[in-house]
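Proteins come first, then strands; the chains are lettered A, B, ... in the order of their sequence lines, and each starts at number 1.
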Amino acid sequence: MNESPVAHDHQHAHDAESVEHDDDVYDFAAIQAKWQPVWEELAPFRTSDPADTRPRKYVLDMFPYPSGDLHMGHAEVYALGDVLARYWRHQGFNVLHPIGWDSFGLPAENAAIKRGIDPRGWTYDNIAQQKKSMKLYAASFDWDRELHTSDPEFYKWNQWLFLQMYKKGLAYRKDSWVNWDPVDQTVLANEQVLPDGTSDRSGAVVVKKKLTQWYFKITDYADRLLDDLNQLEGSWPAKVLNMQRNWIGRSIGADVDFAIEGREKPVSVFTTRPDTLYGATFMVVAPDADLAAELVAGSTPEIQERFQEYLVHVQKSTEMERQSTDREKTGVFLGRYAVNPVNGERLPIWAADYVLADYGHGAVMAVPAHDQRDLDFARAFDLPVRVVVDTNAPLTGTIPVITEGMLDGSEEIPPLEPLDPVATGTALAGEGRLINSGPLDGLSKNSAIKRMIELLEANGTGRASKNYRLRDWLISRQRYWGTPIPIIHAEDGTEVPVPEDQLPILLPSSEGLDLKPKGTSPLGGAADWVNVPSPIDGTPARRDADTMDTFVDSSWYFLRFLNPTDDTQAFDPKEADKWAPVDQYVGGVEHAILHLLYARFITKVLFDLGHVTFTEPFSALLNQGMVILDGAKMSKSKGNLVYFTEEVERHGVDAIRLTMAFAGPPEDDIDWADVSPVGSAKFLARAWRVARDVTSPPEVEWKTGDPALRRVTHRFLADAPSLVEAFKFNVVVARLMELVNATRKVIDSGAGAADAAVREAAEVTAMALNLFAPYTAEDMWQRLGYEPSVALALWRKPDQTLLVEESVTAVVQVDGKVRDRLDVSPKISAEDLEALARESRAAVRSIGDRQIVNVIVRAPRLVSIVTRA
RNA sequence: GCCCCCGUAGCCCAAUCGGCAGAGGCAGACGACUUAAAAUCGUCCAAGUCUGGGUUCGAAUCCCAGCGGGGGCACCA
C-alpha cells in the first residue's frame with residue numbers, strides 16, 4: 001500500500017512531539033499508550049457484580065476464528081458491535097459484551113500438518129496475538145468471561161449436548177451419500193459446499209461418497225425454523241430472513257402411492273401438483289437410490305447391465321456437472337411398471353439423475369405436459385405427453401382485451417396459445433382449468449389440488465405432504481482438532497453413549513499421531529485412547545474416532561458466556577433468565593445461513609429439553625457487510641489485502657473504528673479505496689482540539705451559553721439515540737462532525753472558548769465520540785476535568801425548550817412549484833399560514849389571473865396552492 | 001428458471017409520514033497564517049435523484065414497464 005502523505009506528516013508531528021513533549025498536539029499513539037493501562041486497571045466493562053441494579057442488555061459480536069492476527073473484517077465487526085455496547089451503557093444499561101475464541105477447526109490442523117507442529121500451540125499463539133490486538137482496538141469487552149471452544153471446560157458441554165440430543169433421537173448415524181472434500185479428506189455439511197460445487201474451505205471440487213456418519217436431525221425443526229422467522233421480522237435484516245427461507249425451502253403438496261407390478265408394497269412419490277395426476281405418463285427414480293437397484297433387480301440381465309453402466313456414469317460425474325441446469329437429460333428404462341392410482345394406467349419406470357435420491361422419496365411421477373424437466377426427458381426419450389390443464393382457459397372471468405381495431409377487422413385478434421408442449425418445448429406450468437381429468441375437469445389448479453388430495457385420502461392412496469430443501473446436519477468430521485464424539489462402539493456394533501459423569505472425553509495429545517488427511521480420523525491411530533472397555537459390560541470396544549463440526553460449538557456458545565467457568569453445567573438457567581436471549585447480535589452476513597440457522601436450531605432443542613425458556617437465540621441482528629478493496633473481496637491470492645496492524649499503526653485505532661462507522665450503512669460493503677481514515681483522523685484531531693480549547697470550569701452554568709450552539713448540541717442529544725438504534729452510525733458521525741464544526745465556529749468567531757455552550761458541546765462530543773473513538777473521547781473527558789471513564793457517563797437528556805425552533809421556513813407552492821419561502825413561527829395555525837401564503841407577492845404573481853381551486857396547508861412547513869386557468 | 005435488494009454531485013453517502021433534493025466526508029479550486037512548506041482555519045464547487053409511463057395539489061420516496069448492478073436458491077418434483 002502507498003505511503004499516505006498525511007500519515008507521513010503525522011509521523012512527523014509525532015517525532016517533533018516526542019522531543020518537545022507537546023501535549024497540546026493530538027497524538028493518537030500517545031493517547032493510546034496513556035489510556036490502555038488505565039482501562040486495564042479500571043475494567044469498566046465488568047458485568048459480574050450481583051448488586052448491579054441496572055437493567056440488562058446482552059450485546060454479542062460473533063467471536064473470531066484465530067487463524068492469525070485480526071483482519072479488516074474483524075476491525076469492522078468489533079467497531080460496530082462496540083458502538084451498540086457502548087451506546088446501551090450510556091443509556092444506563094448493564095451491558096454484557098463478552099468475547100471468546102472459536103478455536104477448534106481445520107485451519108489449525110492444516111497449519112500443523114504443513115509445519116509439523118501441534119495444532120494446539122498454533123491456535124493458542126494466534127489467540128495471544130489476536131487478544132493483544134483486540135485489547136489495543138479497545139472493544140469494550142468483559143474479559144472476565146473469555147472462553148475458548150478448544151478448552152475441555154467448553155467442549156465437555158458439546159459432548160453433553162450431543163448426549164442429550166442422542167437420547168431424544170436427534171443425533172443419529174446413517175449410511176448415506178455425503179459431500180466429500182478430496183483435499184481435506186473429510187465430509188462436509190451441505191451448507192459448506194459452495195454453489196459452484198467446491199468446498200468452502202479447501203476450494204476442491206466436492207465429490208459424493210457413501211459413508212456412515214453422524215447427523216443432527218434439523219429437518220424435524222424445519223417448520224419451526226421457517227415459521228419462527230416471522231417473529232424476527234423487523235429485528236433481523238430482511239435479506240437474512242429471505243436467505244433462510246430459501247435455504248429451508250418448504251414445498252407443500254402430496255404424497256401419492258403408486259402400486260408397482262411385481263412388488264408387494266407401493267412406491268410413494270412427492271408432488272406439488274397432485275392436480276396433474278391424470279397427466280402422469282411415466283415414473284422416474286433416482287439411479288443412486290436403493291429403490292432403483294431393487295427395481296432393476298427384477299428386470300432382464302440386459303436392462304440390468306445398461307442400468308449398471310448408467311449408475312457408474314452418474315457417480316463419476318461431479319457435483320458441479322450434475323448441477324448445471326441445461327444438461328441433456330439422460331436415463332435408462334428399468335423394465336418395470338407402476339400403476340396410476342386414479343385411472344389404473346401402466347406407467348413405465350425410468351432411472352434418471354435429474355431425480356435426487358435424498359429429496360422426497362427419491363422418485364417422481366412425471367407429468368411432462370406441466371413440468372419442464374419431465375418434458376425435456378419425455379422429448380429426449382420420446383415418451384407420451386398428455387395435457388390435463390388448459391392454461392388458456394379464463395380463470396377469473398376476465399376476457400382478453402379487445403381493441404377497436406380488432407372489432408373492425410383491421411387488426412387480428414391474437415390466437416390462443418396452442419396447448420402443445422411437445423411442439424413448443426415449453427411445459428404448461430401456469431394457472432388454468434383442468435381437462436382430461438375425470439372428476440377434476442373444470443376446476444382451477446388450486447381447487448383441483450385440494451380436490452385431488454381429498455380423493456387420494458379417501459382411497460387411501462395418498463395424503464397431503466410437505467418437503468424441505470433443508471437436509472439433516474452432518475456433524476461428523478474425520479479430523480483431529482475438534483470435539484470427540486461421546487460414543488463407544490461395542491464389538492457387536494451397538495452404540496454406547498458415554499455416561500455423562502465420564503465427560504469430558506479429552507482429546508488426546510497430537511504427539512505421535514498422523515494428522516495427514518487419509519479419509520479416516522487421526523484419532524483412530526491413538527490406540528491408548530481409542531481402545532476402551534465398554535461402559536456396559538467391560539468388553540473391548542472402540543471410541544468413535546470422529547470429531548464434531550465446529551459449528552456445534554458456535555451454536556450455543558452465547559450461553560456459555562453466562563458462566564464460562566462453571567464445571568457443573570453447560571450454563572446456569574438462572575443466568576440465562578437474567579441475560580438471554582442475546583438482545584443484539586452483530587456479525588458478518590457470510591453466516592446468514594450456516595451459523596445462524598444452527599444456533600436457532602440448537603436453541604429450539606434446548607427449549608424442548610427444558611433448559612431455556614426462549615426459542616430464538618438472537619432477538620435482534622445486525623449483519624455488517626464486508627471490507628473490500630477496489631470492488632473486490634480481499635484475498636491473499638489476489639494480493640489486495642489491507643492489513644489490520646498496518647492500518648492501526650498508520651492512522652490509529654480511533655480513526656480506523658470511526659472510518660468503519662462512517663463509511664456508510666453497516667450492511668453495505670466498505671470499499672477501503674472509497675473511505676478515508678486520514679479524514680477520520682483529521683476529524684478526531686479537530687474534536688480533540690475543541691476540548692483542549694475549552695477554558696470554562698466544569699461548574700459553569702450551561703444556560704448562560706450561546707443559544708444557537710446549545711440548540712445544535714441538544715438537537716444532537718435528541719436525535720442520536722434513535723439513529724444509533726436504527727444502526728445509522730454514519731449519520732450519527734455526520735451529526736457529530738456538524739456539532740464539532742459549530743463549536744469551532746463559536747470558539748473562533750463567536751462567543752469564544754470561554755462560553756459555557758462551548759464546554760457543554762465539548763462534553764457531549766466527548767461522550768458521544770466514546771461510541772466510535774474511545775481513546776480520543778477519554779482524553780477529551782479528562783481534559784474537560786472529569787475522571788475516567790467517559791464510557792460510564794450517562795447520556796444527557798436534551799432540553800426540550802432548546803429543541804423548539806424559533807422560526808421555521810414555510811414553503812409556498814403554486815401548482816407544485818416552489819414560489820416563495822416564509823419565515824414563520826413553528827406554532828402558526830393553518831389559517832394564519834394560508835392567509836400569509838395568499839398574500840405572498842411571489843405567489844400572487846405566479847397565480848396571475850388563474851382561479852384558485854384548492855389550497856393544501858401543512859402547518860408550519862408548507863402551503864400548496866392549486867389553480868385552474 | 002424462482003425469490004430478494006439497490007441505482008441521488010467526480011467519489012462515499014444524507015434526506016421520520018409522499019412536502020425546500022444536501023447533513024457529513026473524500027477529491028478539487030481559492031484565500032488567511034508562514035521566508036517557505038506542512039498542519040490549521042476559512043470560502044467556494046457541483047447532481048435535479050438510471051430511463052419511460054402512471055397515481056397525487058405535490059414523487060428520490062408509492063405503482064407499472066424497461067435498463068444497469070448486487071445477493072440468495074436452483075434438475076428440490
Could you check whether any side-chain N or O of [X] sits under 3.5 Å from a backbone N or O of [Y], counting only pairs where one atom can act as donor and the other as acceptor?
| X | Y | result |
| --- | --- | --- |
| Glu76(A) | Met660(A) | no |
| Tyr310(A) | Asp353(A) | yes |
| Arg821(A) | Ala810(A) | no |
| Asp472(A) | Ile218(A) | yes |

Remember a base hit wins even if backbone is also touched, and classify [X] as base, sugar-phosphate or nothing at under 4.0 Å, heavy atoms.
| X | result |
| --- | --- |
| Val811(A) | base |
| Thr272(A) | sugar-phosphate |
| Ala663(A) | sugar-phosphate |

Look at the side-chain N and O atoms of Asn730(A) and state whether any lies under 4.0 Å from the OP1 or OP2 oxygen of A14(B).
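Checking A14(B) against Asn730(A), a side-chain N or O does come within under 4.0 Å of OP1 or OP2.
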For [X] and [N], what is the distance between atoms [atom1] and [atom2] respectively, to the nearest whole Å?
| X | N | atom1 | atom2 | result |
| --- | --- | --- | --- | --- |
| Phe683(A) | G25(B) | CZ | P | 9 Å |
| Glu590(A) | G70(B) | CD | P | 19 Å |
| Asp275(A) | A77(B) | CG | C1' | 13 Å |
| Asp674(A) | C11(B) | CG | P | 10 Å |
| Asn246(A) | G71(B) | CG | P | 15 Å |
| Phe729(A) | C12(B) | CZ | P | 22 Å |
| Lys817(A) | G48(B) | NZ | P | 17 Å |
| Leu597(A) | C73(B) | CG | C1' | 14 Å |

Does [N] pair with anything, Watson-Crick or G-U wobble, both distances under 3.5 Å, and if so, with which nucleotide?
| N | value |
| --- | --- |
| U49(B) | none |
| C44(B) | G28(B) |
| U56(B) | none |
| A9(B) | none |
| A38(B) | none |

With rounding to whole Å, what would you report as the distance between [N] and [M] at their [atom1] atoms?
| N | M | atom1 | answer |
| --- | --- | --- | --- |
| C63(B) | G7(B) | P | 13 Å |
| G70(B) | C64(B) | P | 24 Å |
| A29(B) | U34(B) | P | 23 Å |

For Tyr278(A), give me all partners under ring-ring contact (aromatic ring centres under 6.0 Å, His included), at least two apart in sequence or on another chain.
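If we apply the ring-ring contact (aromatic ring centres under 6.0 Å, His included) test to Tyr278(A), skipping adjacent residues, there are no hits.
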How about Phe662(A) and Phe683(A): are their ring centres within less than 6.0 Å of each other?
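Ring-ring flag for Phe662(A)/Phe683(A): false, centres at least 6.0 Å apart.
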Nearest of [options] to any side-chain atom of [X]?
| X | options | value |
| --- | --- | --- |
| Ser676(A) | A77(B), A23(B), C26(B) | C26(B) |
| Trp247(A) | A77(B), A23(B), C73(B) | C73(B) |
| Leu356(A) | C3(B), A77(B), C57(B) | A77(B) |
| Pro665(A) | C13(B), A77(B), G72(B) | C13(B) |
| Lys329(A) | C20(B), G25(B), C75(B) | C75(B) |

Close side-chain approach of [X] to [Y], heavy-atom, < 4.5 Å:
| X | Y | result |
| --- | --- | --- |
| Gln244(A) | Leu225(A) | no |
| Glu590(A) | His595(A) | no |
| His651(A) | Ser680(A) | no |

Is the glycosidic torsion of C17(B) within 90° of 0, making it syn, or is it anti?
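Syn.
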Glycosidic class, syn or anti, of G58(B) using a 90° window around 0:
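Anti, since the glycosidic angle lies more than 90° from 0.
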Tell me whether Asp748(A) is salt-bridged to Arg744(A), with the criterion being a basic N under 4.0 Å from an acidic carboxylate O.
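Arg744(A) and Asp748(A): salt-bridged.
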Compile the donor-acceptor pairs under 3.5 Å between side chains in residues 725-739 of chain A and protein atoms, sequence neighbours left out, one pair per line.
from, atom 1, to, atom 2, distance (Å)
Glu725(A), OE2, Tyr87(A), OH, 2.4
Arg735(A), NH1, Asp719(A), OD2, 3.0
Arg735(A), NH2, Asp719(A), OD2, 3.0

Could I get a table of every N or O pair under 3.5 Å where one atom is in the protein and the other is in nucleotides 40-45 of chain B?
from, atom 1, to, atom 2, distance (Å)
U40(B), O3', Arg689(A), NH2, 2.8
C41(B), OP1, Arg686(A), NH1, 2.5
C41(B), OP1, Arg689(A), NH2, 2.9

Heteroatom pairs (N/O) under 3.5 angstrom, protein to nucleotides 15-17 of chain B:
from, atom 1, to, atom 2, distance (Å)
A15(B), OP1, Lys728(A), NZ, 2.9

I'd like to check the side chain to side chain donor-acceptor pair (under 3.5 Å) partners of Thr867(A); sequence neighbours left out, ordered by chain and number.
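For Thr867(A), the residues satisfying side chain to side chain donor-acceptor pair (under 3.5 Å) (neighbours in sequence not counted) are Asp815(A), Arg850(A).
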Between Trp350(A) and Phe381(A), how do the two ring planes meet: parallel, tilted or perpendicular, split at 30° and 60°?
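Plane angle between 30° and 60°, so tilted.
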Check if the side chain of Gln813(A) and the base of G19(B) share a donor-acceptor pair of N or O atoms closer than 3.5 Å.
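Yes, a donor-acceptor pair under 3.5 Å.
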Looking at Val342(A), Asn340(A), Ile453(A), Val269(A), which one forms a side-chain contact (heavy atoms from CB on, under 4.5 Å) with Val256(A)?
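Between Val256(A) and the candidates, side-chain contact (heavy atoms from CB on, under 4.5 Å) is satisfied uniquely by Val269(A).
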Selection: residues 857-867 of chain A, any non-hydrogen atom under 4.0 Å of RNA chain B
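Residues of residues 857-867 of chain A that come under 4.0 Å of RNA chain B are, in numerical order, Arg858(A), Leu862(A), Ser864(A), Val866(A).
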